[in-house]
A.B. asks: 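Shown below is the structure under consideration.
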Amino acid sequence: MRPVVRNLVGLIAFLGLWELVVRLDLVKEEDVPPATVVLTRIADLLGQEEFLRDTVATVLAWALALGIAAAIGIPLGLILGNFPRVRLATRAVVEFLRPIPSVALIPLVLVSIGGGPEAKITLAVYAALWPILYNTIYAFDEIDPLLIDTARSCGVGKAGILTAVALPHAAPFVLTGIRISASVGLIVIVSTEFIAGANIGIGSVILEAAYGAGRTDIVLAGTVVAGLIGYLANEGFERLGGRLFKWHKATTSEVA
């Protein structure tokens with residue numbers, strides 16, 4: 001319970017400081033509403049069916065994108081990690097694609113597949129793919145050669161080494177990659193909804209409140225809700241890793 005208490009104390013202190021700064025007029029209330037106003041607006045929004053639909057649309061798109069990224073990144077990482085020649089042959093392409101920001105691809109995606117849910121899912125898949133892919137490859141680079149030699153000396157074949165040695169070793173790294181990708185994917189989903197002007201989603205709520213009604217309180221409320229989703233997802237994956245792989249340091253430290 002101690003980490004939970006510390007987190008709550010830090011959160012309360014942050015909200016109190018936020019409230020104090022605004023009430024002392026150090027920041028104009030029109031620019032940044034007090035914390036109490038934003039929290040009240042969050043409660044109001046969560047009671048509205050339309051906002052709940054927007055939230056569900058964002059979460060579903062994020063979950064689908066994360067699942068697709070994992071379905072692509074894990075097998076691809078297994079191949080590149082197991083076959084050095086394939087990894088070397090594809091290195092130039094991978095290193096060229098990886099640094100391209102997802103938001104820079106928004107115009108291309110909009111022209112290619114339109115501005116529906118497919119656009120934000122495609123961009124989120126692209127962004128979430130790389131942490132999963134590289135963590136999977138890294139996992140195979142970190143396998144102790146002694147483990148493989150021991151398995152071979154016991155008569156274990158290549159398939160057995162992959163399933164009994166390599167995959168168990170890689171699993172904590174893969175989960176860490178998924179945890180990192182979860183945050184990255186959510187950022188891209190909400191950003192695409194905001195920048196591309198989606199019809200539904202938390203990003204569309206923020207966009208409409210910012211440029212339509214000029215409601216800063218709703219903008220911050222939507223942002224806080226998106227941040228809360230990201231926090232809960234990260235916490236969930238971290239706890240899952242802690243339960244499944246207590247023996248491995250990758251569950252307690254990010255490996256990028």
Side-chain angles (χ1 to χ4, degrees), residues 52-82 90 94 97-98 100-103 105-106 108-110 112-140 162-163 166-196 198-204 225-245 248 250-251 254-256:
L52 292 178
R53 284 200 300 267
D54 287 314
T55 303
V56 170
T58 296
V59 172
L60 288 178
W62 163 75
L64 181 59
L66 185 61
I68 295 174
I72 297 173
I74 295 174
L76 188 58
L78 293 176
I79 294 173
L80 297 181
N82 268 298
T90 58
V94 171
L97 294 175
R98 183 174 62 91
I100 300 177
S102 296
V103 291
L105 298 175
I106 289 179
L108 176 62
V109 172
L110 292 178
S112 302
I113 62 177
E118 297 84 359
K120 59 185 179 182
I121 292 174
T122 300
L123 291 167
V125 168
Y126 181 83
L129 173 65
W130 306 111
I132 298 174
L133 175 63
Y134 271 83
N135 269 44
T136 305
I137 295 174
Y138 180 87
F140 285 93
L162 178 63
T163 56
L167 289 179
H169 176 84
F173 291 90
V174 172
L175 184 61
T176 300
I178 293 174
R179 180 164 63 88
I180 298 171
S181 293
S183 300
V184 174
L186 182 61
I187 292 171
V188 173
I189 289 286
V190 176
S191 300
T192 305
E193 291 173 345
F194 180 82
I195 297 174
N199 295 324
I200 188 171
I202 295 177
S204 67
V225 170
L228 181 60
I229 294 171
Y231 170 78
L232 292 176
N234 182 77
E235 189 72 13
F237 281 119
E238 193 167 355
R239 288 180 179 273
L240 178 63
R243 287 176 178 269
L244 296 178
F245 312 115
H248 204 282
T251 60
E254 293 182 355
V255 181

A.B. asks: For Gly201 and Asp54, which heavy atoms make the closest approach, and how far apart are they?
C.D. replies: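 For Gly201 and Asp54, the tightest heavy-atom pair comes out as N-OD1, 3.0 Å.
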A.B. asks: On a heavy-atom basis, which atom in Ile202 and which in Thr55 lie closest, and how many Å separate them?
C.D. replies: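 Shortest heavy-atom separation between Ile202 and Thr55 comes out as CG1-CA, 4.0 Å.
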A.B. asks: Answer yes or no: is there a donor N or O on one side and an acceptor on the other, between the side chain of Trp62 and the main chain of Gly185, under 3.5 Å?
C.D. replies: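 No, Trp62 side chain to Gly185 backbone: no donor-acceptor pair under 3.5 Å.
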A.B. asks: How many angstroms lie between atom CD1 of Ile137 and atom CD1 of Ile132, to the nearest 0.5 angstrom?
C.D. replies: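 Rounded to the nearest 0.5 Å, the CD1-CD1 separation comes to 12.0 Å.
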A.B. asks: Is any side-chain heavy atom of Thr58 closer than 4.5 Å to one of Leu186?
C.D. replies: yes
A.B. asks: To the nearest 0.5 angstrom, please state how far the CG atom of Leu175 sits from the CD atom of Glu238.
C.D. replies: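 If we round to the nearest 0.5 Å, Leu175:CG and Glu238:CD are 10.0 Å apart.
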A.B. asks: Measuring only between side-chain heavy atoms, which start at C-beta, is Leu80 closer than 4.5 Å to Thr136?
C.D. replies: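 Leu80 vs Thr136: side chains apart.
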A.B. asks: Mind listing the closest non-hydrogen atom pair of Ala128 and Ser181 along with its distance?
C.D. replies: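 Shortest heavy-atom contact: O-OG, 2.6 Å.
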A.B. asks: To the closest 0.5 Å, what do you measure between CG (Leu76) and OG1 (Thr90)?
C.D. replies: 7.0 Å
A.B. asks: Drop me the distance from Ile180's CD1 to Asn234's CG, to the nearest 0.5 angstrom.
C.D. replies: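 The CD1 atom of Ile180 sits 9.0 Å away from the CG atom of Asn234.
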A.B. asks: Ignoring hydrogens, what is the shortest heavy-atom contact between Ile106 and Leu123? Give both atom names and the distance.
C.D. replies: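 For Ile106 versus Leu123, the nearest heavy atoms are CG1-CD1, 3.5 Å.
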A.B. asks: Of all heavy-atom pairs between Val190 and Ala226, which one has the smallest distance, and what is that distance?
C.D. replies: CG2-CB, 4.3 Å
A.B. asks: Between Phe237 and Ala182, what is the shortest heavy-atom contact and its length?
C.D. replies: CE1-CB, 3.9 Å
A.B. asks: If you round to the nearest 0.5 Å, how far is CZ of Phe194 from CD1 of Ile189?
C.D. replies: 15.5 Å
A.B. asks: Thr122 and side chain to side chain contact (heavy atoms under 4.5 Å, CB included): which partner among Ile113, Val188, Leu108, Thr192?
C.D. replies: Ile113
A.B. asks: List for me each residue that meets side chain to side chain contact (heavy atoms under 4.5 Å, CB included) alongside Leu97, sequence neighbours excluded, and say none if there are none.
C.D. replies: Val93, Ile100, Tyr126, Trp130
A.B. asks: How many angstroms lie between atom CG of Leu105 and atom CG of Leu110, to the nearest 0.5 angstrom?
C.D. replies: 10.5 Å
A.B. asks: May I have all residue pairs that pass salt bridge (charged side-chain N to carboxylate O under 4.0 Å, His left out) and include part of residues 114-128, sequence neighbours excluded?
C.D. replies: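 For residues 114-128: Lys120-Glu193.
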